[in-house]
Amino acid sequence: MTVVGTFGLSVRDQALEADVQAGLAAVEEGLLEATKSEVPFITEAAQHLVRAGGKRFRPLLAMLAAQFGDPYAPGVVPAAVVVELTHLATLYHDDVMDEADVRRGVDSANTRWGNSVAVLTGDFLFSRASHMLADLGPEAVRIQAEAFERLVTGQILETAGPRDGRDPVDHYLDVLGGKTGSLIAVAVRFGAMMAGADERIVDVLAQYGERLGVAFQLADDVLDIASDSHESGKTPGTDLREGIPTLPVLRLRERAEQLGLPEDRALCELLDSDLTDDARHAEALERLRVHPSLEQARRDTVRYAEEARATLAPLPECDAKASLLELCDAVVHRAG
């Protein structure tokens with residue numbers, strides 16, 4: 001048994017391990033090649049987050065999904081590069097929106113070069129992803145376009161907030177399906193599709209990716225509250241400081257409304273105050289870390305991961321399926 005990637009994924013089959021490792025290495029080369037420009041400054045900015053590393057979760061999923069067809073098919077690696085480039089582009093934009101200082105353990109692009117450069121670098125990565133996507137055929141272009149529409153819609157809905165009468169938790173989970181689940185679903189769909197897998201298998205894997213993507217983001221929500229910057233690679237409580245209600249906060253507000261406990265209401269009032277103040281921000285983080293709402297968010301993470309696991313039931317038993325199942329456990333483990 002050997003381990004692949006930062007998720008500690010155990011791969012029991014040497015041939016599968018070799019395929020996944022080779023695929024991820026090729027993706028890394030593809031990312032560096034795709035982020036080169038004739039303008040040295042653009043190359044530096046575009047490769048900033050590539051060289052900072054990352055989990056490469058989406059390419060890993062694409063490599064595993066490709067095992068249900070021909071993992072050596074020529075479109076598998078470029079498709080994985082397209083998805084990761086798209087993801088990286090969204091990170092540049094997210095950091096501007098969140099006014100984040102740190103990403104993947106290094107200064108965020110907006111901190112280093114300013115908002116304009118960060119936004120334009122994200123746009124540059126989108127353009128490179130689109131250029132590669134065109135070579136993968138019209139169906140791939142359509143799938144990516146639909147996913148990108150969902151991703152942007154999810155981001156807009158998060159910014160706009162739930163409409164009157166809509167349950168905030170349900171709204172938020174829908175947001176995550178668009179913001180995160182859609183692109184992770186594309187990663188597994190592309191991996192299987194480019195490998196020539198049966199259409200039914202491709203559909204099952206896409207459903208798995210969507211649910212796993214939501215669990216992945218919920219785990220990030222928990223980490224944003226529970227971890228320090230060394231563990232998460234970014235500044236803790238970034239969403240908290242910006243007033244973006246992630247699931248632990250939504251569960252707190254839900255509990256405060258249902259039970260009316262004074263300590264819950266007091267914490268809600270603290271969260272509604274100016275959390276750009278470092279002392280208030282630190283107090284809010286400290287109190288949330290020991291609040292039952294954080295544990296509820298962990299349980300929600302487990303639920304989505306278990307739904308992803310159940311989705312894989314129709315797939316044939318193989319080492320790739322076992323690895324996809326293990327990723328469900330890995331995502332839950334991230335949330336503690």
Side-chain angles (χ1 to χ4, degrees), residues 94-103 108 110-111 154-181 214-306 331-336:
D94 283 351
D95 285 345
V96 171
M97 294 176 65
D98 297 342
E99 298 180 7
D101 298 323
V102 178
R103 170 70 70 173
S108 60
N110 49 296
T111 297
Q155 185 66 67
I156 292 172
L157 288 175
E158 179 181 68
T159 303
R163 65 179 183 273
D164 289 344
R166 180 81 197 278
D167 179 76
V169 171
D170 289 344
H171 170 84
Y172 183 65
L173 293 172
D174 283 348
V175 164
L176 295 193
K179 267 186 63 176
T180 306
V214 174
F216 182 82
Q217 184 57 56
L218 293 180
D220 264 7
D221 285 358
V222 172
L223 278 172
D224 188 56
I225 302 297
S227 71
D228 58 30
S229 58
H230 176 73
E231 292 175 279
S232 63
K234 58 184 180 180
T235 305
T238 297
D239 290 331
L240 206 61
R241 191 183 292 275
E242 294 302 312
I244 299 171
T246 57
L247 193 61
V249 173
L250 291 174
R251 287 301 188 192
L252 164 66
R253 297 190 187 282
E254 180 182 64
R255 175 186 165 97
E257 184 174 338
Q258 291 175 350
L259 301 181
L261 298 176
E263 57 269 31
D264 291 346
R265 293 188 181 277
L267 182 50
C268 287
E269 289 176 8
L270 175 61
L271 295 179
D272 289 334
S273 68
D274 181 11
L275 293 185
T276 60
D277 178 83
D278 289 342
R280 284 187 186 142
H281 182 257
E283 181 186 354
L285 268 179
E286 182 180 357
R287 290 170 65 177
L288 272 173
R289 283 169 175 166
V290 296
H291 195 275
S293 61
L294 187 63
E295 184 55 38
Q296 176 62 56
R298 286 192 176 101
R299 290 196 294 270
D300 292 323
T301 304
V302 171
R303 175 166 59 88
Y304 270 90
E306 287 302 315
V331 166
V332 170
H333 179 71
R334 292 176 69 236

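Scope of the values below: all heavy atoms of this structure, side chains included, with no hydrogens, waters or symmetry mates. Each residue takes its place number in the sequence, starting with 1.
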Shortest non-hydrogen separation from A305 to A215 and the atoms involved: N-CB, 3.7 Å
Sidechain-backbone polar pair: S293 side chain, P248 backbone, donor-acceptor under 3.5 Å: yes
Least distance between heavy atoms, L270 atom then L275 atom: O-CD2, 3.5 Å
Close side-chain approach of L218 to V331, heavy-atom, < 4.5 Å: no
Side chain proximity check, P168 to E257, heavy atoms < 4.5 angstrom: no
D278 backbone acceptor or donor facing R241 side chain under 3.5 Å: no
Heavy atoms of other groups near E263 CD, more than 12 under 6.0 Å: yes
Worked verdict on D300 versus V169 for side chain to side chain contact (heavy atoms under 4.5 Å, CB included): CA-CA 11 Å; D300 292 323; V169 171; 5.7 Å; no
Between CZ on residue R334 and OG1 on residue T301, distance to nearest 0.5 Å: 9.5 Å
Distance, nearest 0.5 Å, that separates CG of D239 from CG of D221: 7.0 Å
Least distance between heavy atoms, L240 atom then D224 atom: N-OD2, 4.3 Å
Distance in Å, Q217 CD paired with L176 CG, rounded so as to fall on 0.5 Å steps: 5.5 Å
Least distance between heavy atoms, C268 atom then L252 atom: SG-CG, 3.8 Å
Heavy-atom pair of closest approach, residues D95 and S108: OD2-CB, 3.7 Å
Basic-acidic side-chain contact under 4.0 Å: K179, D94: no
Electrostatic pair R298-E295, nearest N-O below 4.0 angstrom: yes
Interatomic spacing from CD1 in I244 to OH in Y172 - rounded to 0.5 Å: 9.0 Å
Approximate separation, where rounding is to 0.5 Å, of L247 CG and E254 CD: 8.5 Å
Point-to-point distance, once rounded to the nearest 0.5 Å, from OG of S273 to NE2 of H281: 11.0 Å
A297 to V222 - nearest heavy-atom pair and separation: CB-CG2, 4.0 Å
Test salt bridge (Lys or Arg N to Asp or Glu O under 4.0 Å) applied to D264 and R253, R251, R255, the passing residue: R255
Polar side-chain atom of H171 near backbone of R166 as donor-acceptor pair, under 3.5 Å: no
